[in-house]
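For reference, the structure is listed below as structure tokens.
Because the structure is a prediction, the values reported are computed rather than measured.
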Amino acid sequence: MVRIANIEINATYLKEESSISVKLETGVISIFPMFQKEHPTTFRLLEIYASKEAYQSHLKTPHFIHDKKANCTW
């Protein structure tokens with residue numbers, strides 16, 4: 001499953017969260033954060049999951065829930 005998300009977040013924190021997901025979650029194949037030059041805190045994420053179930057599992061992880069509540073504007 002491939003997903004593209006647009007979010008606003010601190011650049012340093014996003015890189016940390018992306019690597020945590022890939023390391024800890026079996027179904028997360030890769031997450032590529034890309035920032036916009038004219039808006040350095042606005043990111044586009046290209047996310048690749050092994051399946052729809054892996055994506056749904058990602059949404060329930062403690063680090064994702066924390067990030068969504070504390071650090072992101074979706």
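When all heavy atoms are compared, the tightest approach of K60 to I65 is O-CD1, 3.6 Å.
Taking the side chain as every heavy atom from C-beta outward, L46 and V2 approach each other to under 4.5 Å. Within the 4.5 Å cutoff, the side chain of R44 has heavy atoms near those of the I4 side chain.
At a cut-off of 3.5 Å, with distance as the only test, a side-chain donor of H63 or E25 sits close to an acceptor on the other residue.
Put simply, CD on Q56 and CE on M1 are 7.0 Å apart, with the number rounded to the nearest 0.5 Å. The OG atom of S21 sits 13.0 Å away from the CD1 atom of I29 when rounded to the nearest 0.5 Å.
Every residue two or more places apart in sequence or in another chain was checked for a side chain to side chain contact (heavy atoms under 4.5 Å, CB included) with T26, and none qualifies. Listed by chain and residue number, Y49 satisfy the ring-ring contact (aromatic ring centres under 6.0 Å, His included) test with Y55 (two or more places apart in sequence, or in another chain).
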